[in-house]
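The model shown is predicted, which means the values in this text are computed figures rather than measured ones. Letters go in sequence order (proteins before strands), and every chain restarts at 1.
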Amino acid sequence: MAVLPMGTVMKLTSLTARQIRYYESQGLISPERSDGNRRLYSLNDIDRLLEIRDYLADGVNVAGIKAIYDQQQAAAQAKRDAQQQPLTDEDVRRILQDEFIRQGGLGHPEPGLQQRPL
DNA sequence: CTTCTTACA
DNA sequence: TGTAAGCA
């Protein structure tokens, strides 16, 4: 997935090699390495760099961008965990209660709609 | 010739 | 960040 060398990335992102390497040192990107220890960037790295460039232009510092990506990573991880975890009794209880209320069991008597007797 | 690391301004 | 030095 990674094939682009520094020179290409520089042109594609309008960033200097110095900046690109610095963002990497700050954990914003993780390009692969290949032959003589040369960085190989993927298309995802390019997208990320463009995003970083825009954030910077909007006044967000590197630390801030780092925080954003860390949070997104945490959120994605939490979602994965949730999807692999079977529904707990608590989840089932909440779902059934929400469904009960939605069908008009209690609360919101929508104007014009007749309540369905249970 | 291109990229890399390290170090100084 | 820019730039220079010395390698690979």
Side-chain angles (χ1 to χ4, degrees):
Chain A
M1 256 210 132
V3 263
L4 311 178
M6 231 330 243
T8 303
V9 178
M10 289 175 69
K11 294 176 181 176
L12 263 37
T13 64
S14 298
L15 292 170
T16 65
R18 184 81 169 81
Q19 294 175 301
I20 296 171
R21 297 195 188 104
Y22 175 64
Y23 303 151
E24 176 185 352
S25 74
Q26 298 307 296
L28 266 42
I29 53 177
S30 302
E32 289 174 24
R33 292 276 182 153
S34 195
D35 57 307
N37 191 41
R38 304 205 145 165
R39 278 168 251 255
L40 291 181
Y41 299 85
S42 68
L43 259 36
N44 288 319
D45 291 324
I46 302 302
D47 288 334
R48 168 101 69 167
L49 285 170
L50 292 172
E51 200 171 293
I52 292 171
R53 192 195 57 180
D54 292 338
Y55 273 129
L56 258 24
D58 285 331
V60 182
N61 58 48
V62 177
I65 299 173
K66 177 65 157 38
I68 293 175
Y69 289 150
D70 284 346
Q71 289 175 48
Q72 291 186 348
Q73 181 205 315
Q77 182 58 55
K79 191 164 188 173
R80 279 192 278 281
D81 290 344
Q83 250 181 44
Q84 291 188 252
Q85 223 56 214
L87 290 180
T88 66
D89 288 355
E90 266 299 284
D91 293 327
V92 176
R93 181 198 62 69
R94 191 180 63 257
I95 292 172
L96 289 176
Q97 178 172 301
D98 288 350
E99 188 60 22
F100 176 73
I101 295 176
R102 200 155 318 175
Q103 294 183 342
L106 291 173
H108 347 133
E110 294 180 47
L113 282 183
Q114 191 174 1
Q115 248 181 268
R116 177 196 304 177
L118 297 179

side-chain N/O A/Tyr23 vs C/dT1 OP1/OP2, d < 4.0 Å: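 Checking C/dT1 against A/Tyr23, a side-chain N or O does come within under 4.0 Å of OP1 or OP2.
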
A/Thr16 side chain near C/dT1 phosphate (N/O to OP1/OP2, under 4.0 Å):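 Negative; the distance criterion is not met.
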
Closest-nucleotide 5' rank along DNA chain C - winner of A/Gly36 and A/Val62: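 On the 5' side of the pair lies A/Val62.
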
Starting at atom [atom1] of [X], determine the distance to atom [atom2] of [N], rounded to an integer number of angstrom.
X: A/Asn37; N: B/dT6; atom1: CG; atom2: P; value: 10 Å
X: A/Arg38; N: C/dC7; atom1: CZ; atom2: C1'; value: 11 Å
X: A/Met10; N: C/dT3; atom1: CE; atom2: C1'; value: 13 Å
X: A/Glu32; N: B/dT3; atom1: CD; atom2: P; value: 17 Å
X: A/Leu15; N: C/dT1; atom1: CG; atom2: C1'; value: 12 Å
X: A/Arg39; N: B/dT3; atom1: CZ; atom2: P; value: 11 Å
X: A/Gln19; N: B/dT3; atom1: CD; atom2: C1'; value: 17 Å
X: A/Leu4; N: B/dT2; atom1: CG; atom2: C1'; value: 15 Å

Neighbour count above 12 (heavy atom, 6.0 Å) for A/Leu43 CG: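 Open: at most 12 neighbouring heavy atoms sit under 6.0 Å from CG of A/Leu43.
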
NZ/NE/NH1/NH2 to OD/OE distance under 4.0 Å, A/Arg94 and A/Asp91: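 A salt bridge is present here (some side-chain N lies under 4.0 Å from a carboxylate O).
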
Basic-acidic side-chain contact under 4.0 Å: A/Arg93, A/Glu90: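 Yes.
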
Row check, A/Tyr69 ring normal vs A/Arg48 NZ/CZ: under 6.0 Å, within 45°: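 Satisfied, under 6.0 Å and within 45°.
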
Given DNA chain B, 5'-ward residue of the pair A/Arg18 and A/Thr8, judged by closest heavy atom: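 Mapping each residue to its closest nucleotide by heavy atoms, the 5'-most match is A/Thr8.
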
All side-chain hydrogen bond (donor to acceptor under 3.5 Å, both in side chains) counterparts of A/Thr8, not counting sequence neighbours: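 With neighbours one apart ignored, the set is empty.
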
Ignoring the backbone of [X], work out which of [options] is nearest its side chain.
X: A/Arg21; options: B/dT3, C/dT1, C/dG2; value: B/dT3
X: A/Arg33; options: C/dT1, B/dT3, B/dC4; value: B/dC4
X: A/Met6; options: B/dT3, B/dT5, C/dG2; value: B/dT3

A/Gln83 side chain to A/Arg80 backbone, donor-acceptor under 3.5 Å: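 Side chain of A/Gln83 to backbone of A/Arg80, a donor-acceptor pair under 3.5 Å: no, none is there.
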
Dot-bracket notation for DNA chain B, counting Watson-Crick and G-U pairs under 3.5 Å, with | for partners on another strand: .|.||||||

Polar side chain donor-acceptor pair, A/Gln77 to A/Asp81, under 3.5 angstrom: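 Short answer, yes.
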
